[in-house]
Number of protein chains: 2
Amino acid sequence: MKLTINEIARLANVSKSTVSKVLNNYPGINKNTREKVLKIVKETQYEPNIIARALSSKKTGNIGLLIPHSPEHTISGAYWTTFISRITIELSAHDYNLLLLLPHEEGKLEDIFRLVLKRGIVDGLIIGSECLDRHWLSELKNNNIPFVMLGKNPDFTHYSVDIDNEDAACKATEHLIEQGYRRIALIAGPINFYYNSERAKGYRKAITTHSLEYSRELYLPYDNYQRLREEVESIITGAAPADALLVTAGGDFMLEVLDSIKKTGRKPPQTGFVSFDDYRYLDHINPPVSAVSQPMVEMSKASVDILVKLLKKQEPEEKEVFFKAKLNIRKSSLKNRN
Amino acid sequence: MKLTINEIARLANVSKSTVSKVLNNYPGINKNTREKVLKIVKETQYEPNIIARALSSKKTGNIGLLIPHSPEHTISGAYWTTFISRITIELSAHDYNLLLLLPHEEGKLEDIFRLVLKRGIVDGLIIGSECLDRHWLSELKNNNIPFVMLGKNPDFTHYSVDIDNEDAACKATEHLIEQGYRRIALIAGPINFYYNSERAKGYRKAITTHSLEYSRELYLPYDNYQRLREEVESIITGAAPADALLVTAGGDFMLEVLDSIKKTGRKPPQTGFVSFDDYRYLDHINPPVSAVSQPMVEMSKASVDILVKLLKKQEPEEKEVFFKAKLNIRKSSLKNRN
DNA sequence: TTGTAAGCGTTATCAG
DNA sequence: CTGATAACGCTTACAA
């Protein structure tokens with residue numbers, strides 16, 4: 001005989017609704033009854049079936065983490081990995097499980113959204129800000145599927161957790177300026193991602209504040225890896241070469257840029273170098289790479305907290321939570337080795 | 001009115017069981033009926049609710065990926081990340097979704113197994129070989145929950161996908177020998193993990209085959225990071241110092257060892273250095289680190305293929321699938337710079 | 001405070 | 001080939 005709520009009810013001589021109420025901590029249950037039921041539950045090690053509960057309560061207990069990249073571009077970097085694990089842990093503290101939602105191909109999100117919107121696979125979503133699909137995002141709203149974005153999406157009102165990208169880029173640029181670099185180039189990741197444009201804004205702010213030249217030549221938006229390499233090379237070997245680079249994305253993107261620099265024979269900090277996304281291995285890169293560090297643990301917690309509130313139909317305090325990022329300074333940007 | 005199978009049945013003037021049969025490609029449905037139903041389905045964009053289907057069919061459509069480490073120790077490394085994303089993609093090709101199962105604390109797997117065994121949260125599991133919990137693993141068997149292990153577990157018969165760890169370590173050691181290193185030390189990761197003992201075996205094999213000294217002093221099993229650092233330092237600065245190190249684990253573990261080496265003032269390839277787990281950033285480490293590279297994409301696919309067969313009640317061809325690992329040689333182990 | 005009964009949206013069985 | 005009808009195991013009104 002399989003262990004179901006009926007069996008528990010039979011053993012405890014109560015109805016299954018009583019068992020259900022006990023298990024879900026409903027009020028208005030006699031103390032003795034409650035204990036009697038709990039005793040049986042303990043003895044039998046009964047645990048309610050998660051699917052049946054989901055069907056009945058219309059809550060799956062699953063949260064989807066939607067990383068809108070193709071896996072080659074994202075997970076291979078170390079940025080998402082911290083989030084994946086931290087979010088999983090944070091969610092489980094609220095009895096939610098993490099379902100990983102990745103598109104087969106870059107940006108192909110239809111299948112995922114059908115799963116969410118039509119088939120009810122999750123109760124809510126945490127979505128990477130690289131998801132630019134306004135259509136689907138508004139469908140989520142229309143269908144009352146709670147979601148939080150990791151990273152703000154500009155033209156859309158939504159709950160989000162992010163760092164102050166402008167500030168971070170500004171600080172990073174100022175650090176390079178302090179070190180004596182004067183022609184600082186910006187190597188921007190895909191510019192349709194909001195954080196890249198915010199970072200570009202911060203860079204520009206620092207440049208103009210310090211009365212340095214802000215020129216089109218020093219601004220390199222990402223197109224593809226092939227062109228990236230060529231342009232990085234030309235930007236630091238040209239007639240009026242850049243003497244430092246700020247790279248607005250980490251992981252493989254940063255490594256590509258680093259490769260290109262090395263190819264020219266120059267090497268940070270000869271050419272100053274600061275990147276985003278801090279990892280332990282940057283300590284061991286040749287030379288160690290300065291990078292903007294995001295408080296991923298706090299951000300994970302913040303996003304889960306917001307989502308959980310939404311799921312409870314509570315109103316989170318803030319619509320947008322921002323953290324300050326820190327700059328982790330290493331040799332790649334230290335012109336003046338003090 | 002919510003869109004359910006009943007609604008489709010009503011619109012198509014058939015019973016819901018007919019709709020169900022059409023949707024699940026059952027044989028014995030009149031062609032016209034089938035088309036009529038499919039037409040309505042298409043028009044309404046109906047998709048069956050995943051939870052209701054799960055309850056009725058007793059199949060959740062979810063596969064759990066159990067990484068038995070605390071997140072700090074694992075996901076932060078880059079080893080699992082490739083697996084996580086590849087497995088997700090492979091699974092979705094079979095209409096399964098990936099549920100990430102991580103313990104709050106190192107090795108605390110009870111909660112996870114209760115979720116799996118008692119509450120039916122997944123149909124099957126892919127489990128990291130670091131899971132040594134025989135009790136729970138045999139419970140899985142008793143409960144007919146299909147699972148595949150990523151990495152073989154020695155004292156337990158199960159389906160597994162792994163590399164030939166002994167061979168890989170042997171090759172890596174022989175590479176060091178060819179380079180002229182003679183006192184090669186083994187820095188083993190946690191020895192209760194089978195792959196570490198297999199790698200130690202391969203190391204030993206190479207050492208003895210080439211008539212080098214195999215001594216207790218050159219064998220450093222992992223205890224904790226503090227001791228690891230101390231012992232690495234003493235092993236390469238002692239009276240009869242090691243001239244090369246083979247490290248049986250990658251990620252942070254490898255970086256710890258590298259830190260310790262550098263502390264002594266020595267630096268690979270002065271002290272030869274080969275690690276496990278190949279990542280792109282190893283190209284940029286100072287010096288670039290030679291590492292054993294696992295075919296993670298193929299391994300992910302293999303493990304999913306096995307699991308899917310098991311879920312279909314088919315017998316996979318092999319109980320244990322092994323891949324050969326490759327050695328990615330970089331400067332850290334090139335004594336003779338040709 | 002407890003129990004009855006009606007769902008939840010599917011799939012599965014079996015009769016027609 | 002099609003359709004009632006009964007599961008699946010739980011939650012939740014509502015009645016007692």
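The sequence lines fix the lettering, A, B, ..., with proteins before strands; numbering per chain opens at 1. Keep in mind the model is a prediction, meaning the values are calculated, not measured.
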| note | If each end axis of the helix from C:dT1-D:dA16 to C:dG16-D:dC1 is fitted on five C1' pair positions, the angle between them, to 10 degrees, is 40°
| request: Give a yes/no on whether any side-chain N or O of B:Y26 is located under 4.0 angstrom from OP1 or OP2 of C:dA12. | output: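 Affirmative; the distance criterion is met.
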Out of [options], which nucleotide sits closest to the side chain of [X]?
X     : options              : value
A:N30 : C:dT1, C:dT10, C:dG3 : C:dT1
A:S20 : C:dT2, D:dT11, D:dG9 : D:dT11
B:V14 : C:dT11, C:dG3, D:dG3 : D:dG3
B:S15 : C:dG9, D:dT12, D:dA4 : D:dA4
B:A52 : C:dT1, C:dG9, D:dT12 : C:dG9

| note | For B:S303 and B:I126 the tightest heavy-atom approach is OG-CD1, 4.2 Å
| query | Which heavy atom of B:K16 sits nearest a heavy atom of B:I5, and at what distance? | reply |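 For B:K16 versus B:I5, the nearest heavy atoms are O-CD1, 3.5 Å.
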| query | Can we say B:R114 and B:E110 salt-bridge, meaning some charged N sits less than 4.0 Å from an Asp/Glu carboxylate O? | reply |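 A salt bridge is absent here (no side-chain N lies under 4.0 Å from a carboxylate O).
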| said: Please determine whether a side-chain nitrogen of the Lys or Arg among B:K301 and B:E298 lies less than 4.0 Å from a carboxylate oxygen of the Asp or Glu. | reply: no
| request: Decide yes or no, distance alone: a donor-acceptor N/O pair under 3.5 angstrom between the base of C:dT4 and the side-chain of A:S17. | output: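 Checked by distance alone, the answer is yes.
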| said: Between the base of C:dG7 and the side chain of A:K58, is one N or O donor paired with an acceptor at under 3.5 angstrom? | reply: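 No, the side chain and the base share no sub-3.5 Å donor-acceptor pair.
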| task | Decide yes or no for B:Y159 and B:L307: does some side-chain heavy atom of the first lie under 4.5 Å from some side-chain heavy atom of the second? | result |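 Side chain of B:Y159 against side chain of B:L307, heavy atoms only: no contact under 4.5 Å found.
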| query | With a non-hydrogen cut-off below 4.0 angstrom, is A:I29 in contact with a base, only sugar-phosphate, or nothing? | reply | sugar-phosphate
| 5'-most by nearest nucleotide on DNA chain D - A:K16 or B:P27 |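 Checking each residue's closest nucleotide, the 5'-ward one belongs to B:P27.
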| Which residue lies more 5' along DNA chain D, comparing B:T33 with B:S57 via nearest heavy atoms | B:T33
| field | Donor-acceptor pair between B:S15 and B:T18 side chains, under 3.5 angstrom | value |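 Checked: B:S15/B:T18 side chains pair up, N/O donor to acceptor below 3.5 Å.
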| Between the side chains of B:S17 and B:S20, does any donor sit under 3.5 Å from an acceptor? | no
